[in-house]
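Every heavy atom of this structure was used, including side-chain atoms; hydrogens, water molecules and symmetry mates were not.
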Amino acid sequence: MNRRAKWIMAPIDTEQAGIAFVRAFGAKKTVKKASLSVSAIGLYAAYINNKRVGNAVLAPGWTIYNERVQYQTYDVTALLDTSNTLSIEVGAGWAVGNIAWGTKMFADQTSLVASLTILYTDGTREEIGTDTAWDVYTTSILYSDIYHGETVDKTAEIKHLGKAIRSNYKTKLVAQVGEFITEHERVAPVEIIRTPKGETVIDFGQEVTGYVEVRIKAERGARILLHHAEVLDKEGNFYTENLRHAKCEDLYICSGGEDVFKPSFSFQGFRYVRLSEFPTEAIDLDAFCAIVVHSDMKRTGYFRCGNEKINQLYHNVIWGQKGNYLDTPTDCPQRDERLGWTGDAQVFARTAAINFNVKKFFTKWLGEMAIEQRPNGGIPEFIPRCKKNRGEYVAVATGWADAACIIPWEIYLAYGDKKLLAEHYPMMRKWIMYLHYTGPEEFLWLGGDHYGDWLAMDHGEDSYKGATSTDLIASAFYANSVALLLKAEKALGYDTAKFEERYRKVVSAFREHYLPNGELRQYPDLNPNGISDPPNETQTAYALVLKFGLCEEKDRQRFADRLAEMIRENGMRMTTGFLGTPYLLHALTENGHTDVAYELLFQEQNPSWLYSVNHGATTIWEHWNGIKEDGSFWSKDMNSFNHYAYGAVYDWIFGKAVGIEPMDDAPAYREITLAPHPDRRLGFADGSIDTQFGTIRSHWYYKDDVVYYEFTIPAGVTAHLTLPSGRTETLGEGTYHFAE
């Protein structure tokens, strides 16, 4: 970005209407190369001579705008002529529009900064930057908002608002860190539905994040009003109550000619679109297309098996990630939220890095997390934090804030970048120091306001928090975060003595408090609103104790057996929520109960992964029974149907069923454990991941009573094979076949 380019803004506050900053310029000599750098407080779309610059959408993305904002640089050589017009449209976006239950969280008005650099073949150079010589115009975008949608009027008069004025917005400009946000699949509608209420609804057959493109020729001034929804209600009517206050509507006013409408500065999460207003009774489905939008991540992981319901579950995991990896790992893409919740992000991080290359994606977001970390080490519940809404208060919740240690380690494990791990290490260490000094105990995390085992089913169906003691969960995650910090120190070659001692004391304190005499005991939480009766033992408590290695080795099998017994007593069903579920199947398989883990995977009664599959899910649901058996809904305010957290089950499918897992001491899949766990109900399993060394693949299938295995190991990778019979081998580059 040319330093002479200045932040500019419109001479009047246009609220949430789109505006265009325009600059005419000539290029009289032969152009060798031209590049355009742009950023905005808000969102922008750049055009040269009416041709779109680049393929990024919703640029410059979502950052903590008053701390740093990304700029993008484009090669625009091919777009220049001898006489040119550069026009950059700007909309409200995350910075100025509605976000986190408020508006103007980062700025009161949109601003723009841009610089055009032209290199001529004769060696001369010309630079054009934003300044007060730029003209400002209205556009056909009368309103845009992340939650509420966009209004585009092709009949609107374009007015000159005057010259731009200097913006006093203070921030740091950084070159693009994460992936560009781009358009991906184009999804055709599958049918038109006439609902019992007489609504005209288009079903795209797949829940997506993005927007609808409409191609139409209609009378000048004709209106098209689209509303978006995830599901229909049990009568088959269009349902939007779970969107809360988000309007999720796009209004288009036709020019009278051939129009192509789609939002420029908004997106929605939807499967169904209601034609609330449309100029003709006859509906041509070919006029509609759903465009999928997410960060431009490269797909790296693939899976298929012989069970179509599990294949659909995997499909839902992939589409849940696509729908929520839009520059920030959001919890959901549809209602008035769409925030970077840290808890959702950490439980899914390993699955995310199997499915797609998310290194750049998380480099950007973890950078935001480091900026948002409080001086005392606390980590906010979602990143970016919207300060105007929350003031200076930061909700520091166990299992959410621990993302500061969990995600950096998972990204290192997936990609092996020590430099990146070293950059994240100060944040990890600072988080551990927060844990050390918070609460009444030095080596336990007692008290505090936590989400607990969010949306678990063991505390009554209508409860948001599960029954597991939040103090127990917090103390367990305290131990896990210290363990991950130690792994990071070992990987970086740092002195580990201090935190080895800390870890011993934390685990000792946990055992003394929660596992006296080798028995699980949950004490009542230190709740300032009163002490409740001690909760009963829970599946989540056992899963965390086992997975985090918090019990004595002599007690491990007994604890695992008790966990399996509790699941059987509950009709082979889990009761876990956001914090227990990701560890549950691992805790079972790693302690001799793979059969029970598979029973949970194949369970179809609520709560289970296949319950949503049987109810038509095309993405992962937020709540186990978001739609009940009778077709009614679990709740109105906490019922997203694209909420990827429970999709973390795929890291068990890939790591245990398929059998491919990276090793701590040789990250980036340089060394792996290869230990598949076949089950006849899958029929076969075929999973692979593209690594920096090449593609690793594990494929097993049944033929009569024999299981056949096929493994592909690329050069540079060592696989430590363990088959169910107990056979072990070390495999290098090659393709291998086994049967037993």
Under a 3.5 Å threshold, yes or no: a donor from one side chain and an acceptor from the other, between [X] and [Y]?
X      : Y      : result
Glu89  : Tyr47  : no
Asn324 : Thr330 : yes
Gln268 : Ser266 : yes
Thr182 : Asn55  : no

Heavy atoms only: give me the nearest [X]-[Y] pair and the separation to one decimal.
X      : Y      : result
Thr63  : Arg68  : OG1-O, 2.7 Å
Thr82  : Lys28  : O-NZ, 4.1 Å
Ser295 : Glu179 : CB-CB, 4.1 Å
Phe204 : Ala290 : CE2-N, 3.4 Å
Ala645 : Asp344 : CB-OD2, 4.3 Å
Thr171 : Asn66  : OG1-C, 3.7 Å

Just checking [X]: does its [atom1] atom have more than 12 heavy atoms from other residues, nucleotides or ligands closer to it than 6.0 angstrom?
X      : atom1 : result
Lys247 : NZ    : no
Asn50  : CG    : no
Lys217 : NZ    : no
Lys29  : NZ    : yes

Excluding sequence neighbours, so at least two apart, what forms side-chain hydrogen bond (donor to acceptor under 3.5 Å, both in side chains) with Thr155? Asp153

With side chain to side chain contact (heavy atoms under 4.5 Å, CB included) as the test, pick out the partner of Phe267 among Thr209, Val57, Val292, Ile181. Thr209

Under 3.5 Å donor-acceptor, [X] side chain and [Y] backbone:
X      : Y      : result
Arg299 : Met297 : no
Arg166 : Ile8   : no
Thr110 : Ala92  : no

[X] side chain near [Y] side chain, heavy-atom distance below 4.5 Å:
X      : Y      : value
Arg335 : Glu622 : yes
His424 : Phe362 : no
Met9   : Ile165 : yes
Leu79  : Leu36  : no
Leu366 : Ile383 : no
Trp400 : Gln346 : no
Ile432 : Ser481 : yes
Tyr147 : Ile99  : yes

For the pair Gln176 and Thr73, evaluate side chain to side chain contact (heavy atoms under 4.5 Å, CB included) and give the outcome as yes or no after the intermediate values. CA-CA 8 Å; Gln176 178 79 17; Thr73 299; over 6 Å; no

Evaluate the ring planes of [X] and [Y], with Trp represented by its six-membered ring, and classify them as parallel (under 30°), tilted (30 to 60°) or perpendicular (over 60°).
X      : Y      : answer
Tyr252 : Phe261 : parallel
Tyr434 : Trp431 : parallel
Trp62  : Trp94  : parallel

Between the side chains of Asp131 and Arg4, is the shortest nitrogen-to-carboxylate-oxygen separation below 4.0 Å, so that they form an ion pair?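 Salt bridge between Arg4 and Asp131, a charged N being under 4.0 Å from a carboxylate O: no.
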
Looking at Asp135 and Lys163, does any basic side-chain N land under 4.0 Å from a carboxylate oxygen? yes

In this structure, is the centre-to-centre distance between the rings of Tyr325 and Phe356 below 6.0 Å?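 Aromatic pair excluded; centres sit 6.0 Å or further apart.
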
I would like to know whether Ile141 and Thr151 meet side chain to side chain contact (heavy atoms under 4.5 Å, CB included); could you show each step before the answer? CA-CA 6 Å; Ile141 301 173; Thr151 298; over 6 Å; no

